[in-house]
Amino acid sequence: MSEPRWFRVLRVVGLTGLALFVLVPLYVMVTSAVKPLSRVQDRFEWLPGEITFQPFVDMWSTVPLATYFRNSVVVAAGAAVLSVAIAVLAAYAISRYRFRGRDTFRIVVLSTQMFPGILFLLPLYLIYATIGQVTGIALHGSQVGLIITYLTFSLPFSTWMLVGYLDSIPRDLDEAALIDGAGPVGALVRVVLPAARPGIAAVGIYSFMTAWGETLFASIMTDSGSRTLAVGLREYSTQSSVYWNEVMAASLVVSIPVVVGFLFLQRYLAQGLTAGAVK
């Protein structure tokens, strides 16, 4: 059955508008990154009259961008690894075992996503401050504290996502592994985890991207030594001026790891998000 002409026209118009909506800001960012600051602050030019790559050099010395980049990688990767490890164990228990309060636990885990993040800002700050005073463990202003903070937000959704994916994996695989002599942990490691790679990849991507671009908690829970990129980019703005060309250059550079990783793992993300939707 062929598509109606009006539908094809509407689809082309819609996709073209969507492409322009995405590509025009990206084009402005790229062209602003290769202009001198005076031209960026002047009247906007669609075609750069003067091209320079000096902003890509100066951006590393104007602010300690390399330090912020390292902090973001450590925090985002740490949150992603812990989220995956804990979510796999929790989701496996929920998917494969029947226990009292199982359904209630699933609902409670998912219901935590209904609350805005700012609601937890003051309680977490007070908890970290109290822990620091009582035990001497400095969670506020540390990478560990920020990883734990991001873990509280990514873990519930990660667990819920993996439960749906593990439910789509036949339990016959577990039973076959148990018959062969593998225990519950052996069945999880040798059989379930290899079959659940798309779901695990989706959880890892979600957790990493959640931590990579977060600004609210990063602006409160960090100091000059643990500051991440999302907060550090604001330092290109001073009381006298804003280094717009360096901001755009830095934004392009710090986006490359996330974009490349997303493009490389997008098929796993799609499989992980849709698993269990149709049975």
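Atom OG of residue S158 and atom CD1 of residue I200 lie 11.5 Å apart, to the nearest 0.5 angstrom.
Within a 6.0 Å radius of CZ in F53, no more than 12 heavy atoms belonging to other residues, nucleotides or ligands are found. Counting non-hydrogen atoms of other residues, nucleotides and ligands closer than 6.0 Å to CZ of R98 gives a total above 12. Around atom CZ of R190, no more than 12 heavy atoms belonging to other residues, nucleotides or ligands sit under 6.0 Å away. In this structure, Y243 places its OH atom where only 12 or fewer heavy-atom neighbours from other residues, nucleotides or ligands lie under 6.0 Å away.
Although no hydrogens or angles enter the test, the distance criterion places no donor-acceptor pair under 3.5 Å between the side chain of T135 and the main chain of G132. Side chain of H140 to main chain of I220: a donor-acceptor pair is present (N/O by atom type, distance under 3.5 Å, no hydrogens or angles). The closest donor-acceptor contact from the side chain of S83 to the backbone of A80 lies at 3.5 Å or more, if one exists at all. Between the side chain of Y27 and the backbone N or O of W46, at least one donor-acceptor pair lies under 3.5 Å. At distances below 3.5 Å, at least one donor-acceptor pair connects side-chain atoms of S226 with backbone N or O atoms of D223. Looking at S237, its side chain never comes within 3.5 Å of a backbone N or O of R234 through a donor-acceptor pair. Remark: side-chain polar atoms of S207 are not paired, donor with acceptor, to backbone N or O of S154 under 3.5 angstrom. With hydrogens and angles disregarded, a donor-acceptor distance shorter than 3.5 Å links the side chain of N71 to the backbone of R227. T62 contributes no side-chain N or O that, together with a main-chain N or O of M59, makes up a donor-acceptor pair within less than 3.5 Å. Y128 places a side-chain N or O within 3.5 Å of a backbone atom of G145 that can act as its donor or acceptor partner.
Under the 6.0 Å distance and 45° angle rule, K35 does not count as a cation-pi partner of F56.
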Using the rule given for side-chain contact (heavy atoms from CB on, under 4.5 Å), can you reason through I169 versus L166, listing the C-alpha separation, both sets of side-chain angles and the distance that settles it, and then say yes or no?
CA-CA 5 Å; I169 299 176; L166 294 182; 3.9 Å; yes
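By the criterion of side-chain heavy atoms lying less than 4.5 angstrom apart, applied directly or through intervening Ile, Leu, Val, Met, Phe, Trp or Tyr residues, I147 is grouped together with I131 in one hydrophobic cluster. I118 and Y125 fall within the same hydrophobic cluster, defined by Ile, Leu, Val, Met, Phe, Trp and Tyr side-chain heavy atoms under 4.5 Å apart, directly or through other members. The hydrophobic cluster containing L155 does not contain V81, counting ILVMFWY residues as joined when their side-chain heavy atoms lie under 4.5 angstrom apart, directly or transitively.
Of the N and O atoms on the side chains of N245 and S32, not one donor lies less than 3.5 Å from an acceptor on the other residue.
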All N/O donor-acceptor pairs, side-chain side in residues 211-219, below 3.5 Å, sequence neighbours left out:
{"residue": "E214", "atom": "OE1", "partner": "Y150", "partner atom": "OH", "Å": "2.7"}
{"residue": "E214", "atom": "OE1", "partner": "F217", "partner atom": "N", "Å": "3.2"}
{"residue": "E214", "atom": "OE1", "partner": "A218", "partner atom": "N", "Å": "3.1"}
{"residue": "E214", "atom": "OE2", "partner": "L216", "partner atom": "N", "Å": "2.8"}
{"residue": "E214", "atom": "OE2", "partner": "F217", "partner atom": "N", "Å": "2.7"}
{"residue": "S219", "atom": "OG", "partner": "T215", "partner atom": "O", "Å": "3.1"}
{"residue": "S219", "atom": "OG", "partner": "L216", "partner atom": "O", "Å": "2.7"}

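Counting only heavy atoms from C-beta outward, the side chains of L162 and F157 never approach each other to under 4.5 Å.
Of all the heavy atoms in L252 and A33, the pair that sits closest is CD1-CB, 4.0 Å.
Pairs engaging residues 46-66 under the salt bridge (Lys or Arg N to Asp or Glu O under 4.0 Å) rule: R39-E50 [sequence neighbours left out].
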